[in-house]
Amino acid sequence: MKPVIAITMGDPAGIGPEITLGSLNKKEIYDLCTPVVIGNARVLENLFSVKEVDFTLNKIEKPSEAKGEFGTVDIIDFPDLPEYEFGQVNAANGEAAFQYIKHAAELCQSNEAQAMATAPINKESLKAAKVPYIGHTEMLAGIANIDDPLTMFEVRNMRIFFLTRHLSLKDAIGQMTKERVHDYLVRCDAALQQLGVENRKFAVAGLNPHSGENGLFGTEEMDEIKPGIELAKESGIDAVGPVPADSVFFQALNGRYDAVLSLYHDQGHIAAKMTDFHRTISITNGLPFLRTSVDHGTAFDIAGQGIASSVSMEESIKLAAKYAPHFVGK
C-alpha cells in the first residue's frame, strides 16, 4: 500500500504553491505515494494557468478521502486567507503557513499520513504573525514536544548531520563540546537506524584547517571534538575523525562514510549544495514522524511567475515515500 504524504504548500506568497503543483504534474510521484496537499485551494487554482497544468481539485476533509490519481490534486483546504500578493511579507500568510504545518504534523501523529514534505516558509511573515517559532524544525519540535531534533541532509548517496544550526560561528564553536559531540553521534546513529540504514559509519568534520594539525591551527579538535568521538566509540558507535573538512565530504560522497557530522551550518550546507543544489533534501530526525523538506527559501523575487524549479520538491516527496515505511505505526 502506498504511503500518504502530507504536503504543506508553504507561504502562499512564495514559490511553495507553484513547486507543489510542479511536483504533482509528475506521474511518478503518484506511483510512489498518495500526495495530499495541505493549503489553500484558491491559491493553487490561480496558478493553474501560470504553471500550464490541467488539474482537478478534490477538496477533502481527511486523507482517507483522497483519490490519489494523477491529474487530481487532493487538498485539505484552509480557505481563510485574505487577498495576498506574491513576493510580499504578510502576517496572514505566516499564520496560514504555520496552520498548514501544524495540521500536517497532526495527521502524521495520528498515522493518517505516513510522512510530511514541506514547501518553504518565510521567517519574516512568521514573525509578523507572532508565530513563536523561527522555522520548521523549531515548530515541529514544539508540536511534538521534542527538545532538540536532528537535521540531516541527503544528496545522492551522501548524508550530513549538523552539530549546530542557526548560530553565529562564534556561538557555534562554544557548542562544540565533547559531551555534545558524543550525544549527537549516538543520536545520529539511532536516527539512521530508524531510517533503515544498516551500515552506519560516521566521520566527524574538523573545525580548523587540517583539523588543527595537532594544535598548530587551534586546539578545539584536541580538547573537545576528538574526545567526544572517543566517547561515542566507547558507546558502540562506528565513528572516526575529526577528518579535515576540505576532504571529508568528498570521501563520503564516494562511499567511504555513511554519514558526516558537520560542526556548523555552512560547513555542511556548502558541501551538499555544491554537490547538487536542487536535490539536497532536508530530513528532520528525532521526531515521532518523518518530515522531509526542500532546502531553499520562498524566493519572493520570482514567486508567482511559474519559473521556479520543482525538482527539490519532487525529491523531497520521493524521499518521504522512500523512508515512510520505517515510520508506519511508530
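Note that these values count all heavy atoms, side chains included, but never hydrogens, waters or copies made by symmetry.
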With clusters defined by side-chain heavy atoms of hydrophobic residues (ILVMFWY) lying less than 4.5 Å apart, directly or transitively, does [Y] cluster with [X]?
X	Y	result
Y100	V4	yes
I38	I101	no
L150	V197	yes
L231	V186	no
I76	Y30	yes

[Y] and [X], any side-chain heavy atoms less than 4.5 Å apart:
X	Y	result
L207	E221	yes
L261	L185	yes
I317	C33	yes
E18	L21	no
L24	V37	yes
M313	I7	yes
N122	V89	yes
F98	T8	no

Looking at [Y], is its backbone amide N or carbonyl O close enough to the side chain of [X] to form a donor-acceptor pair, meaning the two atoms are under 3.5 Å apart?
X	Y	value
S310	I19	no
R279	R156	no
T219	G215	no
S235	I237	no
S282	V294	no
N40	V43	yes

Next on the checklist: Let's go through V53 and V73 carefully: what are the C-alpha distance in whole Å and the side-chain angles of both, what is the deciding distance for side chain to side chain contact (heavy atoms under 4.5 Å, CB included) to 0.1 Å, and is it a yes or a no?
Outcome noted: CA-CA 11 Å; V53 294; V73 176; over 6 Å; no
From [X] [atom1] over to [Y] [atom2], what is the distance, rounded to the nearest 0.5 angstrom?
X	Y	atom1	atom2	value
R165	Q175	CZ	CD	11.0 Å
L126	E138	CG	CD	10.0 Å
D11	K123	CG	NZ	11.5 Å
D223	M176	CG	CE	13.5 Å
M152	T292	CE	OG1	10.5 Å
L57	R42	CG	CZ	12.5 Å

Under 3.5 Å, is there a donor on one side chain and an acceptor on the other for [X] and [Y]?
X	Y	answer
D148	Y184	yes
T164	H265	no
N90	E85	no
N58	D74	yes
T177	E224	no
N285	Q194	no

Is it the case that atom [atom1] in [X] sees more than 12 heavy atoms from other parts of the structure closer than 6.0 Å?
X	atom1	result
K102	NZ	no
H278	NE2	no
E124	CD	no
D54	CG	no

Checklist entry - What residues form a side-chain contact (heavy atoms from CB on, under 4.5 Å) with F250, not counting sequence neighbours? => result N254
Item to check | side-chain contact (heavy atoms from CB on, under 4.5 Å) involving A105 - partner list, sequence neighbours excluded | outcome: M116, L140, I143, F289
If I compare all heavy atoms of [X] with all of [Y], which pair ends up nearest, and what's the gap?
X	Y	answer
A205	A245	CB-CB, 4.5 Å
V131	G94	CG2-O, 4.2 Å
T298	P120	CG2-O, 3.6 Å
P12	F86	O-CE2, 3.4 Å
G206	P242	CA-CB, 3.8 Å
S312	F277	OG-O, 4.2 Å

State plainly whether the residues [X] and [Y] are in salt-bridge range, i.e. N to O under 4.0 Å.
X	Y	answer
K2	D31	no
E230	K233	yes
D189	R200	yes
E154	R159	yes
D77	K59	yes
K26	E314	yes

Next on the checklist: Using the rule given for side-chain hydrogen bond (donor to acceptor under 3.5 Å, both in side chains), can you reason through T118 versus R291, listing the C-alpha separation, both sets of side-chain angles and the distance that settles it, and then say yes or no?
Outcome noted: CA-CA 7 Å; T118 59; R291 176 252 176 170; 3.1 Å; yes
Item to check | Y323 and H326 aromatic ring geometry - parallel, tilted or perpendicular at 30°/60° bounds | outcome: tilted
Checklist entry - Which word best sums up how the rings of F202 and F161 line up, parallel for under 30°, tilted for 30 to 60°, or perpendicular for over 60°? => result tilted
Checklist entry - Going through the distances and angles, do V36 and I5 end up as a side chain to side chain contact (heavy atoms under 4.5 Å, CB included)? => result CA-CA 6 Å; V36 173; I5 308 300; over 6 Å; no
Next on the checklist: Could you walk me through whether K318 and E28 satisfy the salt bridge (Lys or Arg N to Asp or Glu O under 4.0 Å) test, starting with their C-alpha distance in whole Å, then the side-chain angles of each, then the deciding distance to 0.1 Å, before giving a yes or no?
Outcome noted: CA-CA 9 Å; K318 290 178 186 176; E28 61 185 309; 3.1 Å; yes
Next on the checklist: If hydrophobic residues (ILVMFWY) are linked whenever their side-chain heavy atoms come closer than 4.5 Å, directly or via other members, who joins V155 in its cluster?
Outcome noted: F153, M158, I160, F162, V240, V243, V248, F249, L253, Y257, V260
